[in-house]
There are 4 protein chains.
Amino acid sequence: MAVRSEASRKAVLQATMELLNDTPPGPVSLQKLSIEGIAKHAGVSKMTIYRWWPSKTAVVIDSFLDNHVAQTPIHDEGPAIDALRAHLASLARVYSGPEGRLIAQLIAECQHDPATLEEFKQRFWKGRADAARLLIERAVAEGAVRDDIDPDVVAEMLYAPIYFRLLFQTGDLDEEATDAMVDAALKGIGR
Amino acid sequence: MAVRSEASRKAVLQATMELLNDTPPGPVSLQKLSIEGIAKHAGVSKMTIYRWWPSKTAVVIDSFLDNHVAQTPIHDEGPAIDALRAHLASLARVYSGPEGRLIAQLIAECQHDPATLEEFKQRFWKGRADAARLLIERAVAEGAVRDDIDPDVVAEMLYAPIYFRLLFQTGDLDEEATDAMVDAALKGIGR
Amino acid sequence: MAVRSEASRKAVLQATMELLNDTPPGPVSLQKLSIEGIAKHAGVSKMTIYRWWPSKTAVVIDSFLDNHVAQTPIHDEGPAIDALRAHLASLARVYSGPEGRLIAQLIAECQHDPATLEEFKQRFWKGRADAARLLIERAVAEGAVRDDIDPDVVAEMLYAPIYFRLLFQTGDLDEEATDAMVDAALKGIGR
Amino acid sequence: MAVRSEASRKAVLQATMELLNDTPPGPVSLQKLSIEGIAKHAGVSKMTIYRWWPSKTAVVIDSFLDNHVAQTPIHDEGPAIDALRAHLASLARVYSGPEGRLIAQLIAECQHDPATLEEFKQRFWKGRADAARLLIERAVAEGAVRDDIDPDVVAEMLYAPIYFRLLFQTGDLDEEATDAMVDAALKGIGR
DNA sequence: CGATAAACGAGACGGTACGTCTGGTCTTGTG
DNA sequence: CACAAGACCAGACGTACCGTCTCGTTTATCG
């Protein structure tokens, strides 16, 4: 008996979002977000957070990711290639704003904790990877994409440059950029 | 007068490397490396470190990056495409070991400090990007690569998937993988 | 309307005694005894303890004191002075063991809660003080003790040094010591 | 090098005194005094306190005891017995106020830490015990006190009742009371 | 050759946050 | 409806580092 308090859970998730969104001056910073701060802002005991989440990053994932994934859906209408283009463009749009910095920092946090990386991939990546694979297979069926390349490699070719730019900030992230990437990937760089 | 002590500088860099390499049990962790720890291990005052480096990450970059870049050189013999393949393969080899984890964590650290990211890009990325651009231009001249695609986009297509796998750990990083990526990029995924 | 559970009450008292007696290595420690621990060991809810006892110390008093008082009875046979000597010696014997440390810590706990001190005095001190007063009055009647001193002062002169040594650990607590104290008190220190 | 900051030391000691004296509503409470609280009130880092004092009690002893000992000096003029009476009366006076409660709680704290008890005895007890012994020996020489009783036992007879009343609160602590104790001790209770 | 000024080791300092713990209250469901 | 179970808020614990700041003490030019 004695059961998890839904009120506390929500207070924590909401406080986390608020701290991430409202607090600047500087841009969002996952690093200066502290469990102590979340607890205080949420009016919740630290113990309650430690009891239910293994790490600060886990709290952020819970607070943020589902919401984020919903913001960049993969639609299924029209030619598969167009759906892919649209999805990549929506990713680029979101990633070029403050949410992009947050995602980047989330990926950063995962680099020193394999368990968190795993959860991140499950929550953030898996659903989209599956959808993308279906889309790619449909693109193959539609005759837009070659059938002699591993769909995972195809997905990587399309998505990797976006995360590359997100993390290294080596170029703009907008629809123009993603379209150029898709064009190049489609026709190939070889002669 | 009084001039920077070379002995201290070396002691710091070496202590950093030792702490990064020797201390596990667990894998390398940039996160639990502390300036306090480096100072103690190097027999150096904290002030000395703060005087000469702006951040822990800067110390690590100094300790490690040149050495690393030297380990994955870009050679210039033979067909440009083969040189690129070789370089990508050598990157993959190094990144699949503990040094890869360290690079990943270095990239992670850069996500909450633009200045450090800039330095990282200068020291880590720039030389190679320039070399890669030359190589790509040579590949174009050799007729192996199309001339109607921005060489920077070409570079991104070739390199991004490697960092993607390094950071997300979604697949092996070996010569087989990089070759498959290059093949796909060359011939394109479109039909 | 539902009545206090005798089973719970006993379980609490017994668990308390067991924790106080069994748990060392170190000597008995009232301080590391916690209500949480008692509840767990007794298979009882914390609430049940809080409902029926005002403090940890109260539980200990209930668990322990009657038992202890019974261990150091005041007998009434023979000359009153001899009965007093015997009682003081029995106190010294008990107080030089682990039970003595526990009593000392109980006295300590009482120093930040007047209500508990009051209860402690009622349960621990009152009966004995009354008996001692009777004995002293008998000793006066027997001609062994002067009749021009307040019996409470006499009692204090005899008992205080024992508690002094118990708390300050400034000397042995044995029959020899108590006898010397009684001798000195009887004949006086003045010339 | 790097030397202890006298300012911090004083800030800690003074903050401790202030918290002990000023803050109630309730009476002084050593128990709810926390190192965290002292640090905050003193504008000092917790580490600074942990660096220089082994425990909360040690801070209190440092803050308070010397001052207290100075308040209840043993003077050396006139007949030794009168000096003893005066000292006991001054103890009684101080102990019947809030400082008495604090001393009582300090004694209480010592009951679960032998090392602290030892320090307490050194700082609080030793000087006075030595002085009292000299006084008693002078009283013997002056012919006021018998020479066939161990001076330590004499000291105990005189001091123990005061601490007894301090801790058990079984009677007033004033000059009248201490005089009565001394009278009784001098002439003895035996007939 | 000193003088002198910077760089140095040592480490104390005010802070922030960590992750753990306990105390006392509140909540939920069972017997 | 008293109880067990245990979640909850509160906040202290002791630790680890942070980045800043003296301290004396080298050291290496330069007057």
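Remember, it's a predicted structure, so these values are computed and weren't measured experimentally. In what follows, chains are A, B, ... by sequence order, proteins preceding strands, each numbered from 1.
- Heavy-atom distances under 4.0 Å link DNA chain F to no residue of residues 5-16 of chain D.
- A distance of 9.0 Å separates CG in C:D62 from OG1 in C:T16, rounded to the nearest 0.5 Å.
- Here C:K56 pairs with nothing under the salt bridge (Lys or Arg N to Asp or Glu O under 4.0 Å) rule; sequence neighbours left out.
- Minimum heavy-atom separation, B:A11 to B:V44: CB-CG2, 4.4 Å.
- Remark: C1' of F:dT26 and CZ of B:R4 are 18 Å apart, rounded to the nearest angstrom.
- Between D:W52 and E:dA12 there is no side-chain polar atom (N or O) within less than 4.0 angstrom of OP1 or OP2.
- A distance-only check finds no donor-acceptor pair linking the side chain of C:Q111 to the backbone of D:A108 [under 3.5 Å].
- Scored by the salt bridge (Lys or Arg N to Asp or Glu O under 4.0 Å) test, B:R9 finds B:E6 as partners (sequence neighbours excluded).
- Judged by distance alone, with hydrogens and angles left aside, the side-chain atoms of B:Q31 form no donor-acceptor pair with the main-chain N or O of A:H112 at under 3.5 Å.
- When rounded to the nearest whole Å, the span between CD1 of C:I38 and P of F:dA4 equals 14 Å.
- A straight line from CD of A:Q31 to C1' of E:dA17 spans 12 Å, rounded to a whole angstrom.
- Between the CH2 atom of D:W52 and the CD1 atom of D:I49 there is a distance of 13.0 Å, given to the nearest 0.5 Å.
- For C:A15 against C:I38, the heavy-atom pair with the smallest separation is CB-O, 4.1 Å.
- If you check every strand for non-hydrogen atoms under 4.0 Å, D:R51 touches a base.
- Scored by the side chain to side chain contact (heavy atoms under 4.5 Å, CB included) test, A:S5 finds A:A7, A:S8 as partners (sequence neighbours excluded).
- Ring-centre distance between B:W125 and B:F120: not below the 6.0 Å cut-off.
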Produce a footprint string for nucleotides 17-22 of chain F: one letter per nucleotide, 5' end first; B if the base is under 4.0 Å from any protein heavy atom, S if only the sugar-phosphate is, - if neither. BBBBB-
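- Axis deviation across the helix from E:dC1-F:dG31 to E:dG31-F:dC1 amounts to 0°, comparing end segments of five pairs, rounded to 10 degrees.
- Ionic pairing of D:R123 and D:E119 is present here: one or more N-O contacts between side-chain nitrogen and carboxylate oxygen are shorter than 4.0 angstrom.
- The CD1-P distance, from A:I49 to F:dA10, rounds to 12 Å in whole Å.
- When each of B:V44 and D:A42 is assigned the nucleotide of DNA chain E bearing its nearest heavy atom, the one mapping closer to the 5' terminus is B:V44.
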